[in-house]
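The next block holds one structure in the form of structure tokens; read it before the comments.
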Amino acid sequence: YWVKMNSCNLYEVKRIEKPHDIVTNVPGSKSITNRALLIAALAEGTSLLHGVLFSDDSRHFMQALVDLGFSVEINEEESTVTIEGCDGAVPCAGSRADGDVDATISVGSAGTAARFLTAFLGLSQGKYRINASEQNSNHHCKSFIHTFKLVSKINSFLAKCLLKSR
């Protein structure tokens, strides 16, 4: 088999005649890394993530978890992150007796962090402030507000239904 790599060169692809024992490192994925970070925070106990991609987005996500009180150990050289999950709870929730926000996190331009952490905190106890870049705020803010209004209406409706059924 011949594969044309560009207009000048041909590269011969040789057929594999027998199985090979191959070990390789696949580059990390921003999308998978951010999802794994959230799942580890939601889990109960210690999660060790391998093959983590350290990007601006994932660094914002990890710092946000630290700011929320999660124990996060980062080893960029080994591409690992260890997170102590709190079984769906936010460690710092309700930590402020004065009624101020329990935590402020910054998601920068990380859209995945903005979406996932907003949903997570929206379903958690406590008060939180989420700072984002102007671009991220403009892009996601309207959909967040619409979603929270919808959830609030659904919760009000369900509460009325439960009260009527008693």
### Ser58 versus Leu37, closest heavy-atom pair with distance
O-CD1, 4.1 Å

### Message
Please check if the number of heavy atoms outside Glu76 that lie under 6.0 Å from its CD is greater than 12.
### Response
yes

### Task
Indicate the atoms forming the closest heavy-atom contact of Val107 with Ala132, along with that distance.
CG2-CB, 3.7 Å

### Task
Say whether Val72 and Leu53 are linked into one hydrophobic cluster, either directly or through other cluster members, by side-chain heavy-atom distances under 4.5 angstrom.
no

### Message
My understanding is that only one of Asn34, Leu38, Thr33, Leu117 makes a side-chain contact (heavy atoms from CB on, under 4.5 Å) with Thr112; could you say which?
### Response
Asn34

### Query
Atom CG of Asn131 and atom CG of Asp67: how far apart are they, to the nearest 0.5 Å?
10.0 Å

### Task
Start with the C-alpha distance between Phe120 and Leu42, add both sets of side-chain angles, then the distance that settles side-chain contact (heavy atoms from CB on, under 4.5 Å), and finish with yes or no.
CA-CA 9 Å; Phe120 176 41; Leu42 290 169; 3.3 Å; yes

### Task
Report, as yes or no, whether the 6.0 Å neighbourhood of atom CD1 on Ile32 holds more than 12 heavy atoms from other residues, nucleotides or ligands.
no

### Query
Any idea which heavy atoms bring Ala64 and Ile105 closest together, and the distance?
O-CG2, 3.6 Å

### Query
Which atom names give the shortest non-hydrogen contact between Ala41 and Leu65, and what distance separates them?
CB-CD2, 3.9 Å

### Task
Over all heavy atoms of both residues, which pair between Asp57 and Gly111 is shortest? Give the atoms and the distance, please.
OD2-N, 4.5 Å

### Task
Assess the side chains of Arg59 and Ser55: does a donor N or O sit below 3.5 Å from an acceptor N or O?
no

### Summary
Nearest heavy-atom contact between His60 and Ala110 is CB-CB, 4.4 Å

### Task
May I ask you to decide if the ring planes of Phe61 and Phe116 are parallel, tilted or perpendicular, using 30° and 60° as cut-offs?
perpendicular

### Query
Quick one: do Leu49 and Val66 end up in the same hydrophobic cluster if we chain Ile, Leu, Val, Met, Phe, Trp and Tyr together by side-chain heavy atoms under 4.5 Å apart?
yes

What side-chain donor-acceptor pairs closer than 3.5 Å can you find for residues 77-93, not counting sequence neighbours?
from, atom 1, to, atom 2, distance (Å)
Glu84, OE1, Thr46, OG1, 2.4

